[in-house]
Amino acid sequence: MAKRTILLVDGSSLAFRSFYSILDLERFKNANGLHTNALFSFNRMLDNVLAQFEPTHVLVAFDKGSKTFRTDKYADYKGGRDKAPGEFKEQMPYFPILLDAYGIRQYSLENYEADDIIGTLAHQAETEDEVIVLSGDKDLTQLADEHVTVYITRKGVSELEAYTPASIQETMGIQPRQIIEMKGLMGDSSDNYPGVTRIGEKTALKLIRSYDSVAELYERIDELKPSKMKENLVNEKDIALMSRDLAEIRQDAPVEISLEETKREEKDVEALVDFYREMNFNSFLENLTQEPGLSLPAVEESADLPEYTLQSVDIIETEMLPEKSSLLIEHLLENYHEGTPIGLAWTDPQAHVVYVADFEGALQQDDFRAWLADETKAKVTKDSKAAEVLVHRFGGELNGVSFDVDIASYLLDTHNSDQLADMLKDASLPAFVQYDDIVYGKGAKQAVPETEVLHEHLKTKAMALDLLEAPQIERLKAVEMEDLYRSIELPLSDVLAQMEMIGIKVDGAILQERNELLLERLAEMEEEIYELAGERFNINSPKQLGVILFEKLDLPVIKKTKTGYSTAAGVLEKLVNAHPIIAKIMDYRQVAKLQSTYLSSLPEYIQADGRIHTRFDQTLTQTGRLSSSDPNLQNIPTRLEEGRKIRQAFIPTEPDWQFFGADYSQIELRVLAHISQDEHMLQAFRDGEDIHETTARRVFNLPEAEVVTKDMRRQAKAVNFGIVYGISDYGLSQNLNIPRKDAKEFIETYFAKFPGVAKYMEEIVALAKEQGYVSTLFQRRRYLPDIKASNFNVRSFAERTAMNSPIQGTAADIIKLAMIRLQEALDEQDLRSRILLQVHDELILEGPAEEMEILSELVPKVMESAADLDVPLLVEYDQGNTWYDI
DNA sequence: CAGGTCACG
DNA sequence: ACGTACGTGACCTGA
């Protein structure tokens, strides 16, 4: 018989470990909302293990129910355990499917645990077999012998530690089988059986080393000197014998499967593909295609899908350009402001044709350009903003966008992916489109496939757009977001496209000059810091800095991170009087940030037109805000003067133009006043009061005549921020640098003084628990799957999010609406002024100096009237020659 | 590629 | 008792 390598896996233990090894429940969810973290982690571990050991035989054993012969003997066996979370349990039924697809046998046995199945089979192995036992539970190490090696997972399930008789002898000084004896004496807290009072691992080991076993210990109990320990041993003999019995893994369970039957079968690639598609495990899918000899089965096209024909065209005839169409501009660009798309496809949904063409070639044709620009020709798109920018960059204009599946998908659930296959599944359609990562690869391996493959992919994607529009509209209607979609998000996409295309002019020379200056300064600061530290080290490395501060200089440790000492700004602030090096480091950090993130990087984003074209992501944030990237122009420094100067490099397009900035004053607190209907807050805003001052006056119980000091206002301001964020005493105490108890009192006083706000906070959390989501004034939704989580931290986080999201999200809705109306007004009045940037609660425009007066009227008017709240919206504005000046 | 840090609202 | 303020993106370090 050929040598067998037999892998025996403790499925129950490893499934559970896998769950806790990736606790990102949000990210690991498939399109149906099923959590997939345990399955994913288990699968990854399985791949590693199969590759490492190349077993010829594999069996995965599972527990069967919670009733076993052990619970018969001791009712509390494994009692007192927390119930497995629902997020884990829902994944259990899928382990068998995964393992079946892998061609791996599974087994479970009434009244026995997985351990016993493994013990029994390991025992049946022949001497020439190599047996590998894999578990997350150290109890199984008792099975180790000459031909059985036990591997226990570490660090989640990512590492394996081998246990052999030799290694156990070395670390514990006993034989593997004696682990049972040791457990008999010490018990096991996780399996919840007792052991002898006051005997822990150390004592148990000592006794077993001397007496070999529990049985022998009691035979020779007289050899023990009288002691409390001896008394306990004598008194609790029954317990010791029972615990020993519970600890022993059976090697004679009535297992009805033979080792030979665990021979591995071929992977069932089709089943695995189905499984991975269902779970959205794209990386596994991709790996599968790269295994030699395997070809990915085509995604099945369901019978009830319309048949489309693919037509590749060079010369585009007018009859190929329908009244209504789905338009796909395919690109692999990280940043669509540079580079060239790899393809173009559009549909004729009536004729069931997908036309595929070369993007650049098509844009050189007048008929096609006219069709793109014709706003009466409706186009369903995916990421219309990118499409618009790309068409524009290649000499065309895109009008008539009637639908954007990315935006719809995002509104339906902010967690949704941008992959068409996922959207099809969400719409209960067959997911006949391949994932882009699979067709194109990802990272360094990304490449354009051969034409036939590319065209087929473009065809299915374009078809998907045709099919998705109707169901997505239906779903938007069903959740009352069609209005948000049509009145805000879709028109906003066009406004953002214009803003991105216009870009903002930047004087690179100013930045470069300043960059060199700061580089010199940094070098000097480094030397000073080395001097004070007494050695050279990398100041940018929190790890090295931690060693210097908290070991070498022995400064008090204020806070720890997962990996070591925290050296964050808040910590350094507390240490500033403890050592002169601290101030230098704070200074260094500030300058280094400016230098690396802004001064050295921004010039690289200046394109040939002398302008920076950021991208605004409209389908990313969980609250409805925009985000900006490559570069992020929403976090250009302003709070500190030194950083704020960077804004001097942002200049208007023409010498006689100016910037115009307008921002909402306290928009989030105004929204809160409106949503909560707190009478005091409403009154304060209606009376035009300074909200932080009013808050201070109420919280500190100041009579009319008394003045609110700066410090009172500062503290009240922090509380107001905290309220908007979903306050916690700890957070406030950190922010104000006050004891947690004081912060707690602060919050209680606040809620007593603003009972409407307190009521809102309670009600919104209750509502979130009831319906599973919260919404903004404009019906934008954020689902909060964790709102009922059993884990305190996870649940608390969701609760704060429930309080904050309607506020932040409503503010986002309002400014979005303002942007659309403003763009309309600018167009209508034929102004040359234009919107350049949005920074959450402010808009930055540029225009001819002579239009500034008009803007001073128009912009605040449009912004203030964007929403009709029960408090006025107030907009502050300014104009200037650079961004610094507004 | 994750974690720490820090820039913005 | 738990260990956090809400929402982002970019840079650096060091596995």
Side-chain angles (χ1 to χ4, degrees), chain A residues 22 24 155 158 414 443 537-546 559-572 585-586 588-602 604-605 614-617 620-640 642-644 646-647 663-668 672 718-736 740 743 747 774 782 789-809 811-812 815 837-842:
Chain A
I22 304 180
D24 190 344
K155 291 197 174 168
S158 61
T414 52
F537 66 102
N538 189 340
I539 309 169
N540 291 321
S541 162
K543 194 178 163 191
Q544 293 182 35
L545 179 62
K559 198 173 136 191
K560 290 205 146 205
T561 65
K562 269 186 237 170
T563 51
Y565 313 107
S566 169
T567 65
V571 169
L572 297 185
I585 290 167
M586 293 168 77
Y588 173 88
R589 281 245 177 104
Q590 194 208 317
V591 175
K593 179 81 177 181
L594 292 182
Q595 192 276 324
S596 70
T597 306
Y598 303 103
L599 295 171
S600 75
S601 318
L602 281 179
E604 298 183 19
Y605 287 102
T614 186
R615 280 173 301 142
F616 291 104
D617 198 328
L620 182 144
T621 72
Q622 300 305 306
T623 54
R625 275 190 176 182
L626 302 176
S627 87
S628 154
S629 56
D630 299 313
N632 181 352
L633 292 185
Q634 291 181 319
N635 72 348
I636 303 300
T638 181
R639 292 173 192 169
L640 300 174
E642 168 127 58
R644 191 184 170 104
I646 290 171
R647 297 181 173 219
D663 67 282
Y664 283 110
S665 162
Q666 306 296 353
I667 187 162
E668 293 193 342
L672 173 60
V719 175
N720 277 332
F721 267 94
I723 292 294
V724 168
Y725 293 157
I727 201 155
S728 76
D729 49 10
Y730 181 85
L732 183 65
S733 76
Q734 286 299 298
N735 191 291
L736 282 177
R740 192 170 156 164
I747 295 165
V774 290
R782 177 175 186 175
S790 54
N791 182 304
F792 174 87
N793 283 327
V794 174
R795 187 178 63 249
S796 302
F797 188 60
E799 288 171 356
R800 292 197 295 274
T801 312
M803 301 184 228
N804 170 266
S805 291
I807 303 171
Q808 192 181 111
I815 194 166
L837 299 174
Q838 185 250 45
V839 191
H840 310 306
D841 67 353
E842 62 178 315

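Numbered from 1 within each chain, the chains take letters A, B, ... in sequence-line order.
- For A:Thr561, a side-chain nitrogen or oxygen approaches OP1 or OP2 of B:dG4 to under 4.0 Å.
- The side chain of A:Gln622 lies closest to C:dT8 when the candidates are C:dT4, C:dT8, C:dC6.
- Contacts with DNA chain C (heavy atom under 4.0 Å) in residues 538-545 of chain A: A:Asn538, A:Asn540, A:Ser541, A:Lys543, A:Gln544, listed by number.
- To the nearest 0.5 Å, the span separating OG on A:Ser728 from CD on A:Gln734 amounts to 9.0 Å.
- A:Ser805 comes within contact range of no nucleotide atom at all, as no heavy-atom separation falls under 4.0 Å.
- Candidate nucleotides C:dC2, C:dG9, B:dG9 were compared by shortest atom distance to the side chain of A:Phe792, and C:dC2 ranks first.
- Scanning all heavy atoms of the two residues, the minimum distance from A:Glu668 to A:Ile807 falls at O-CG2, 3.4 Å.
- Across every non-hydrogen atom of A:Ser805 and A:Val774, the tightest pair is CB-CG2, 4.1 Å.
- Residue A:Phe721 places its side chain closer to C:dA5 than to any other of C:dA5, C:dA10, C:dG7.
- Here the shortest heavy-atom pairing between A:Gln634 and A:Phe616 reads NE2-CE2, 4.1 Å.
- If you check every strand for non-hydrogen atoms under 4.0 Å, A:Ala718 touches a base.
- Heavy atoms of A:Val839 sit under 4.0 angstrom from primed sugar atoms or phosphate atoms, though from no base atom.
- Here the side chain of A:Ser601 pairs a donor or acceptor atom with the backbone of A:Ser596 at under 3.5 angstrom.
- Atom CG in A:Asp617 sits about 16 Å away from atom P in C:dG7, given to the nearest Å.
- Using a 4.0 Å heavy-atom distance criterion, A:Ala569 is classed as a sugar-phosphate-only contact.
- When the side-chain nitrogen and oxygen atoms of A:Thr623 are compared with OP1 and OP2 of C:dC6, none of them lie within a distance under 4.0 Å.
- Atom C1' of C:dG3 sits at a distance of 25 Å from the matching atom of B:dA7, rounded to the whole Å.
- Residue A:Arg625 has no polar side-chain atom (N or O) positioned under 4.0 Å from OP1 or OP2 of C:dG7.
- Within the structure, a side-chain polar atom (N or O) of A:Thr563 is placed less than 4.0 Å from OP1 or OP2 of B:dG4.
- A:Ile636 comes within 4.0 angstrom of sugar-phosphate atoms only, judged by non-hydrogen atoms across all strands, and of no base.
- In the set C:dT8, B:dG9, C:dC12, C:dC12 carries the atom at the smallest distance from any side-chain atom of A:Ser596.
- Between A:Thr621 and C:dG7 there is no side-chain N or O to OP1 or OP2 distance below 4.0 Å.
- Using a 4.5 Å heavy-atom cutoff, the side chains of A:Ile723 and A:Tyr725 are not in contact.
- One finds no side-chain N or O of A:Arg615 lying less than 4.0 angstrom from the OP1 or OP2 phosphate oxygen of C:dG9.
- When heavy atoms are screened at a 4.0 angstrom cut-off, A:Asn791 is found touching no nucleic acid atom at all.
- The side chain of A:Thr801 lies closest to C:dG7, out of C:dG9, C:dG7, C:dA5.
- Rounded to a whole angstrom, the distance from the P atom of C:dA1 to that of B:dC6 is 32 Å.
- Taking both residues in full, the closest heavy atoms of A:Gln838 and A:His840 are given as OE1-N, 3.0 Å, listed atom of the first, atom of the second, then distance.
- Of all non-hydrogen atoms in A:Tyr565 and A:Thr561, the two that sit nearest each other are O-OG1, 4.2 Å.
- Relative to the side chain of A:Ser566, the nucleotides B:dT5, C:dG9, B:dG9 differ in distance, and B:dT5 lies closest.
- Counting non-hydrogen atoms under 4.0 angstrom, A:Asn635 reaches a base of the nucleic acid.
- Residue A:Ser601 places at least one side-chain N or O under 4.0 Å from the OP1 or OP2 atom of C:dC11.
- Scanning all heavy atoms of the two residues, the minimum distance from A:Pro637 to A:Ile646 falls at CG-CD1, 4.1 Å.
- Residue A:Arg740 places a side-chain atom within donor-acceptor reach of the base of C:dG3, judged by atom type and a 3.5 Å distance cut-off alone.
- The CG atom of A:Leu672 sits 8.5 Å away from atom CG of A:Asn720, with the distance rounded to the nearest 0.5 Å.
- Listed nucleotides B:dG3, C:dG9, C:dG7 differ in distance to A:Phe797; the shortest reach to its side chain belongs to C:dG7.
- Applying the 4.0 Å criterion to OP1 and OP2 of C:dG7, one finds that A:Arg782 has a side-chain N or O inside that range.
- A:Arg589 has a side-chain polar atom (N or O) that falls below the 4.0 Å cut-off from OP1 or OP2 of B:dC6.
- If you check distances only, the side chain of A:Gln808 does reach the base of C:dC6 with a donor-acceptor pair under 3.5 Å.
- The phosphate of B:dT5 (OP1 or OP2) has a side-chain N or O of A:Thr567 nearer than 4.0 angstrom.
- The nearest whole Å value for the distance from the CG atom in A:Leu837 to the C1' atom in B:dG9 is 14 Å.
- Residue-level contact check: A:Thr597 touches the backbone only, with heavy atoms under 4.0 Å from sugar-phosphate atoms and none from bases.
- To the nearest 0.5 angstrom, A:Thr614 atom OG1 is 4.5 Å from A:Leu633 atom CG.
- Using a 4.0 Å heavy-atom cutoff across all strands shown, A:Ile807 reaches no nucleic acid atom at all.
- Between A:Leu602 and A:Ile636, the closest side-chain pair of non-hydrogen atoms falls below 4.5 Å.
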Check your understanding: DNA chain C in dot-bracket, Watson-Crick or G-U pairs under 3.5 Å, [ ] crossing, | other strand?
Key -> .....|||||||||.
